[in-house]
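Please read these numbers as outputs of a predicted model, since none were measured by experiment. Below, chain A is the first sequence line, B the second, and so on; all start at residue 1.
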Amino acid sequence: MKAKIIITPKKAVVDPQGKTVQGALEHMGYTGIRAVHVGKYIEIELDGKDPEAAKKQLDEACRRFLSNPVIEDYSLELE
Amino acid sequence: MKAKIIITPKKAVVDPQGKTVQGALEHMGYTGIRAVHVGKYIEIELDGKDPEAAKKQLDEACRRFLSNPVIEDYSLELE
Amino acid sequence: MTEPKITPELVKQHNLSAEEYEQIKAILGREPTYTELGIFSVMWSEHCSYKNTRPLLKTFPTKSPRILVGAGEENAGIIDIGDGLAIAFKIESHNHPSAVEPFQGAATGVGGIIRDIFTMGARPLCVLDSLRFGDITNPEVRRLFNGVVAGIAHYGNCFGIPTIAGEVYFDESYEGNPLVNVFCLGVLKHNQIARGRACGVGNPVFYVGPATGRDGLAGAAFASQDLTDESAQIQRGAVQVGDPFMEKLVCEACLELLATGAVAGIQDMGAAGLTCSTCETAARASTGIEIELNKVPQRAPNMTPYEIMLSESQERMLIIVHKGREEEVKKIFDKWDLPWSQIGVVTDTGRMVVKYNGEVVANIPAKAIATESPVYHREAREPSYLAAVRAFRLDQIQRKYEPVEQLQSLLAFPSIASKNWVYRQYDYMVRNNSVVCPGSDAAVIRIKTDCLPPEPEDVNIGSATQIPLDKIPEKYIAITSDCNGSYVYLDPYEGSKIAVAEAARNLACSGAKPLGVTDNLNFGNPYNPELFYQLKESVRGIGDACRALNTPITGGNCSLYNQNPSGAIDPTPTIAMVGLIEKPEYITTQWFKDEGDSIILIGSPVNIDDPLQGLGGSAFLKVVHGIKNGSPPPCDLNQAALLIETLLGLIYGGGVKSAHDCSDGGLAVCLAECCISHQIARNTPRLIGAEINLTGETLEKFGLDPQKILPEALLFGETQNRVVITTDKHNTGKILARAAIYNYPAAEIGKVGGSKLLIKTDAGEHCWEVEKLYDIWWNAIARAMR
Amino acid sequence: MRFAVVQFPASNCDQDAIYAARLLGHEAYFVWHKETSLNGADVVIIPGGFSYGDYLRTGAIARFSPVMQAVSEFAKNGGLVLGICNGFQILCEAGLLPGALIRNRSLQFRCEHVYLKPATANSPFTCKIPEKKLLRIPIAHGEGCYYADPETIQKLKADDCILFQYCDKEGNLTEQANPNGSLLNIAGICNETRNVAGMMPHPERACEPILNSADGVFIFQSIIHTLTESKTAKSTTAKS
Ligand SMILES: Nc1ncnc2c1ncn2[C@@H]1O[C@H](COP(=O)(O)OP(=O)(O)O)[C@@H](O)[C@H]1O
Ligand SMILES: [Mg+2]
């Protein structure tokens, strides 16, 4: 199994990386960019066959460890 | 429109961050983890209605500076 | 798995000549296996064998009573600094990796040189980086510059070592071929010196550090397609990625391990990784070594023996352990959660034997690969451009003299402007030893008890904190790196002398007595006679200067083939020099201190025997006239030595409040830097003005005829062997009298004070607001990077 | 006093904290991250560095080390805990301090001396700083931008939990003086009960004139003063 976790900065939190990327894109002539957010992508390869159990485990890992709720949101997906 | 870009370290390249996170997860008692890869996630909000055009543009941006082709792969998705 | 058969093609792809291949067969008495071919190709590459440079390097002065480990003996040279203490230091280049991937290329460069130092048993104390890039207005150059600096910061900061000095030059000739030279210095006691030797037949051989992948496999490594059935992407060697976190653990574990006395020999796996470390340790100890590749931790699937032997995966060490003490070793690595594996044993066969799946895949006399590589005496021919350079005279250009603007343009010139954009990204203070931080002529770092590697009694972390803080007397080490590539291009011999002399001068300005040099020879293709001439002449210049200043060379590094489509780089022999400051009260910084202090110039303002009066190859010609031409200012080595002696004499005698050497941009730039370079805190410089008199009246004090002196040469000429010092005005007479005893020219040229830099000359009075000069100089690079 | 300095893999200012404490005449010792006891510490310092390489998030992995259990216990019982730089980040990750530290606005690591305005004398970490005194102390971090949601910020202010703010040499809290984009120029805070503090600047690097500043000593003196007071208090109550 494979778990895909996307971690993004909370909208309220300044995202200097996002701003820099946006600036760079515009500088290179890309138009119509409304906003850019830069976050993390974590891919976890798992043994085992039980997506449900894995999901419960990892959901907890995301909350406790992989993301920081003060500044980040996360989304978890299993395939 | 929204572009979602996922940037991951090339498989052949060492990913010290992934390894360290894997070690930490195991220490915390999470089991059955075969590998962890840590990459970047970039979300771009765009005006305009033409996904195809946007895709071509951003594809170039990914190659030119959003990702580092020497050590990273990327995948780009528009919705 | 079948290895490809050896064809002339394959031999060529491995950069081995037909003669070299014959030599290999003679050594083996048979055809080499594919793995053996790979082993020879890396060991006989220029990087490992110095086959084109060894005859030149032999001419360097490498002896002094202080030298404990000399050039070429081990991974780094070691110098005695008294009280049973010693320093190990070395410089290393990572030019080509940085051109491919600036961040990781530079980062792994730092990692590599730090390993060279703790491999010697020393605790790494500080890092220095010497950098060269193309024109900063070129976006691609800015990308490289940005990446390299970020990479050095990433690795050094995370490892926890201060990057405390360096230099940065920008010049078209480095376009597409940046120079990234990194230096590391470590501290140890005489009895803590470790050796890269596979001593003790029967001793087990350990592999420590992360698993081996296809990292940094040389082009030749994937020459043959039927290696594995991996995808082409995986087959192509992966760019090395550094892991400073791992390196920190490996370093601490190795130092702890060395303290136990369980280690018989230790060597890092740098270039040519497992290959180089195994055959070199065996060769040094005149033993043999046998390893079993199946025991080598592997990251990538289906790696071939060839790949495992040539991989340059980072942060790995080879450790030979005294038989019977394996358990102590394992205990320490487990404490630090480090991967390790016992991969082989020391033998008495004198051969390097590599087994895989029980089969012998390589069996080579260790000495033959490690030390008996071919040596070539290349042809040297004076480059055609040099005749024109020597013939250059100032009447060939439209002379311009607008000192106010010209000083400002020079201070804004990226090679002269403040490098704070760079060093403020480095943690240059970690470990509480940075006494003089980046921003003065030389950095000064303190050695105190906790800088030493652990000793047997304190291997247990807890007890380390019981050692008295003053177990050893504090020592102060000054370091600098210097090389003006334009000078070396315009006169390889003279320019190289200047690099050494300037380094020594920078040290003396900080109050340090020069001890030794490690050099990094960055040059072009040695097969091109004109480029080889540059190398040969440069080595001669370095040798002569080091003899004159009695700073032996303790080791170094050669990086050849530094080319880009538009030709070779300016030849750049980076000189990193280390000095010792006997007492803390001798520590001197470059900036002016107090209102009313008198400013004294040590050394004649202009050398009138030089037809270009110091403007040849100067920053002035480059910035104002846009040309790189003319013979660089001659550097009289006896004068250079006498200046060091005089300056140190004055500093030791007391009363010298600041000392700054004149280099790029000449006297005017030097004086401006004295006014603006003292940074107290973020956005908080301590600015102070000065009133300078360089009229005929002053020039005559130096026995000069004012009529003969060009005004631009007076302000911006780069005449050698000059230093600006300040002293309390009541001391002026004493200082001048003492300088006279050394019989070195010196005279008062002005007073410190006010908020302006005012320079009076016979060509007029020139005035600058120091506030404005500061802004131009401090922010130039940040502005260029926006 | 006994200073315990917690040592994580790739802590690298651990030695500096030990050095500073011993320089001021106190006992200091390392506590390895795998240990579960603090061996009778009077005060705990979580030092700077790059614990676990700063991988994932600064401080994110270190906070799960066995020793952090002991540190939380120690803090719950009122023990003094000071997190410096990476130590501050770890304490926030561990929830012992509110908020989080994110990437510097400049996206660059910054190493330089800064001026700090002590925002309150009412804490074990600032009580001995002379009134109106600005501290000149080095920073060295890439992720020192303090962030917390508005409610938390309000609470910090209300509870007088802001300890230090970046300022210029006149003491003005300007944007220019802010090296990382921290809200309210925040450089250091303490918890509600005032016994746990975190700061990005490095007082342990500013305890000797030869290192160009000794202003960090005021912070150590505050800690030592507080500990001495409470000890004498304890012993007198014990006698009576
Ligand atoms: N890449 C760098 N890293 C660290 N410090 C640097 C770097 N480049 C320059 N510096 C520091 O800036 C100061 C000025 O450097 P430089 O102009 O080369 O001095 P000089 O001309 O006296 O050799 C020195 O203290 C030097 O150590
Ligand atoms: Mg200098």
Side-chain angles (χ1 to χ4, degrees), chain C residues 146 149-150 153-154 156-163 243-249 252 335-338 420-421 423-438 444 446 448-451 460-469 474 476 584 587 679-684 782, chain D residues 3 5 7 9-23 27-32 34-35 39 48-55 106-115 136-142 166 168-169 174 176-179 202 204-208 210-213:
Chain C
N146 218 334
V149 170
H154 164 69
N157 297 353
C158 178
F159 182 85
I161 188 167
T163 301
D243 182 1
F245 168 58
M246 176 64 74
E247 176 119 326
K248 166 76 173 172
L249 304 188
E252 294 300 335
K335 168 189 164 192
W336 291 94
D337 297 317
L338 285 172
N420 72 83
W421 184 90
Y423 60 73
R424 286 194 308 149
Q425 295 187 53
Y426 302 153
D427 185 346
Y428 51 80
M429 292 186 237
V430 60
R431 294 188 86 84
N432 276 355
N433 301 310
S434 304
V435 174
V436 176
C437 296
V444 177
R446 156 177 76 177
K448 61 180 179 344
T449 304
D450 66 13
C451 298
N460 161 343
I461 302 183
S463 71
T465 57
Q466 307 308 319
I467 310 165
L469 289 176
E474 286 194 353
Y476 304 90
I587 297 168
Q679 189 79 4
I680 295 177
R682 176 179 178 79
N683 303 327
T684 319
Chain D
F3 283 72
V5 175
Q7 200 177 36
S11 291
N12 57 36
C13 309
D14 46 351
Q15 201 159 358
D16 302 355
I18 294 268
Y19 176 77
R22 297 186 68 199
L23 198 64
E27 195 184 337
Y29 57 94
F30 293 115
V31 178
W32 187 235
K34 293 176 184 175
E35 291 178 38
N39 314 328
F50 283 68
S51 60
Y52 294 94
D54 268 3
Y55 291 135
S106 63
L107 294 179
Q108 284 180 345
F109 190 95
R110 272 283 163 276
C111 177
E112 61 194 347
H113 281 77
V114 294
Y115 285 101
R136 196 172 60 84
I137 289 183
I139 55 163
H141 61 252
Y166 301 107
D168 65 18
K169 68 174 185 298
T174 63
Q176 274 246 316
N178 184 341
H202 287 274
E204 83 281 15
R205 294 188 187 184
C207 291
E208 289 169 288
I210 193 168
L211 297 184
N212 309 307
S213 168

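- Each of C:N157, C:D337, C:L249 has some count of heavy-atom pairs under 4.5 Å with chain D, and the biggest count is that of C:N157.
- Proximity to chain C (any heavy atom under 4.5 Å) is restricted, for D:I18, to the side chain, taken from C-beta onward.
- Using a 4.5 Å cut-off between heavy atoms, D:Y52 contacts chain C through both its backbone and its side chain.
- Interface remark: D:N212 contributes side-chain atoms only to the contact with chain C (heavy atom separation under 4.5 Å).
- With respect to chain C, the highest number of heavy-atom pairs below 4.5 Å among D:P179, D:P138, D:G49 belongs to D:P179.
- Distance check: D:E204 CD to D:F3 CZ gives 12.0 Å after rounding to the nearest 0.5 Å.
- Put simply, the side chain of D:L211 reaches to within 4.5 Å of the side chain of C:R446, judged on heavy atoms.
- Residue D:E27: no heavy atom, backbone or side chain, is found under 4.5 Å from chain C.
- Residues passing the side chain to side chain contact (heavy atoms under 4.5 Å, CB included) test with C:T449, sequence neighbours excluded: C:I467, C:K471, C:I472.
- In this structure, chain D has heavy atoms under 4.5 Å from both the backbone and the side chain of C:L469.
- Looking at D:L23, both its backbone and its side chain come within 4.5 Å of chain C, counting heavy atoms on both sides.
- Looking at C:I680, both its backbone and its side chain come within 4.5 Å of chain D, counting heavy atoms on both sides.
- Rounded to the nearest 0.5 angstrom, C:E247 CD and C:E252 CD are separated by 11.0 Å.
- In this structure, the portion of D:A177 lying under 4.5 Å from any heavy atom of chain C is its backbone and not its side chain.
- Chain D forms more heavy-atom pairs under 4.5 Å with one residue of C:D450, C:T684, C:N433, C:D243 than with any other, namely C:D450.
- Proximity to chain D (any heavy atom under 4.5 Å) is restricted, for C:Y426, to the backbone atoms N, CA, C and O.
- Contact tally against chain D (heavy-atom pairs below 4.5 Å) for C:C158, C:G160, C:A681: the top residue is C:C158.
- Between D:F30 and D:N39, every side-chain heavy-atom pair lies at or beyond the 4.5 Å cut-off.
- Counting heavy atoms from C-beta on, the side chains of C:N420 and C:Q679 never come closer than 4.5 Å.
- Residues C:N432 and D:Q15 are not in side-chain contact: their nearest non-hydrogen atoms beyond the backbone lie 4.5 Å or more apart.
- Only the side chain of C:N683 comes within contact range of chain D, judged by heavy atoms closer than 4.5 Å.
- Among C:Q425, C:K248, C:K448, the residue with the largest count of heavy-atom pairs under 4.5 Å with chain D is C:Q425.
- Residue D:S11 touches chain C through its backbone alone, counting heavy-atom pairs closer than 4.5 Å.
- Using a 4.5 Å heavy-atom cutoff, the side chains of C:M246 and C:L338 are in contact.
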All N/O donor-acceptor pairs, side-chain side in residues 108-115 of chain D, below 3.5 Å, sequence neighbours left out:
from	atom 1	to	atom 2	distance (Å)
D:Q108	OE1	D:R110	NH2	2.8
D:E112	OE1	C:R424	NH1	2.6
D:E112	OE2	C:R682	NH1	2.7

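- Note that the OH atom of D:Y55 and the CZ atom of D:F50 stand 10.5 Å from one another [nearest 0.5 Å].
- Using a 4.5 Å cut-off between heavy atoms, C:P468 touches chain D through its backbone atoms (N, CA, C, O) alone.
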